[in-house]
Amino acid sequence: MRLADLMGARVRDRDGREIGHVSDVRLREHPAPGADPAGTVLKVEGLVVATRIRGRLTAYDHRPVDGPWPLARLACRAARNARWAPWSAVAGHEPPDRLGDPGTVRLAVPGAELVLLADVHDG
């Protein structure tokens, strides 16, 4: 699977309810296994699930950022209902039926268990 396959994909919870779409995929850098101390690998940490397509989030929503207040304020407003799905909550990915359509990410948990993205930032 490619990262691009996840972006924009519909997200369905354990019960099959559509809860939004993947707005962002978060990666974390880890030391690479083996002898190279400078080597690192990227691992998927989780998905940002936005409730509206127009809720496509900008860089200002990725973490608390000081920036031009109007942009930061708009980004916070757009992200207010975004949810965090840790990678451990992802059960699988189904490719789209037709080229150009979004695929579907299936979660192993109910949508109600996903925490708000803002709460992840605060923690």
Side-chain angles (χ1 to χ4, degrees):
M1 173 185 348
R2 298 177 344 180
L3 202 56
D5 294 335
L6 294 173
M7 292 301 298
R10 287 190 243 4
V11 179
R12 294 190 182 274
D13 71 1
R14 179 183 68 193
D15 303 321
R17 286 188 298 265
E18 189 168 329
I19 59 171
H21 70 279
V22 176
S23 176
D24 195 11
V25 178
R26 305 285 169 91
L27 305 173
R28 183 170 295 243
E29 195 171 15
H30 295 274
D36 184 8
T40 59
V41 294
L42 295 174
K43 294 185 179 181
V44 176
E45 188 174 55
L47 308 174
V48 175
V49 180
T51 56
R52 297 183 300 155
I53 286 290
R54 285 191 201 145
R56 183 69 56 145
L57 308 176
T58 64
Y60 285 96
D61 77 314
H62 290 201
R63 63 184 90 60
V65 175
D66 291 329
W69 71 267
L71 293 178
R73 182 82 168 215
L74 286 171
C76 285
R77 186 170 169 84
R80 74 179 175 269
N81 294 323
R83 304 261 174 197
W84 173 248
W87 192 244
S88 60
V90 175
H93 174 264
E94 299 165 4
D97 294 332
R98 295 183 327 163
L99 187 62
D101 287 348
T104 302
V105 170
R106 290 178 293 103
L107 299 179
V109 299
E113 286 187 16
L114 301 182
V115 298
L116 289 172
L117 182 60
D119 293 343
V120 173
H121 288 166
D122 293 342

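Contact of the Val11 side chain with the Thr104 side chain is not registered, since no non-hydrogen atoms from C-beta on lie closer than 4.5 Å. Here the side chains of Trp84 and Glu45 are in contact, with some heavy-atom distance below 4.5 Å. Two residues are said to be in side-chain contact when any heavy atoms from C-beta on lie closer than 4.5 Å; Met7 and Leu47 fail this criterion. By the 4.5 Å heavy-atom criterion applied to side chains, Thr51 and Ile19 are not counted as neighbours. The closest side-chain heavy-atom distance from Glu29 to Leu27 is not below 4.5 Å. Counting heavy atoms from C-beta outward, Leu107 and Arg14 have side chains that stay 4.5 Å or more apart.
Judged as a side chain to side chain contact (heavy atoms under 4.5 Å, CB included), and not counting sequence neighbours, the contacts of Ala91 are Arg106, Ala108. Listed by chain and residue number, Arg17 satisfy the side-chain hydrogen bond (donor to acceptor under 3.5 Å, both in side chains) test with Asp13 (two or more places apart in sequence, or in another chain). Under the side chain to side chain contact (heavy atoms under 4.5 Å, CB included) criterion, Arg98 pairs with Asp101, not counting sequence neighbours. Residues that satisfy the side chain to side chain contact (heavy atoms under 4.5 Å, CB included) test with Ala9, not counting sequence neighbours, are Val22, Val105.
In this structure, His93 contributes its side chain and Asp5 its backbone to a donor-acceptor pair below 3.5 Å. Remark: the backbone N or O of Ala50 is paired with a side-chain donor or acceptor of His21 at under 3.5 angstrom.
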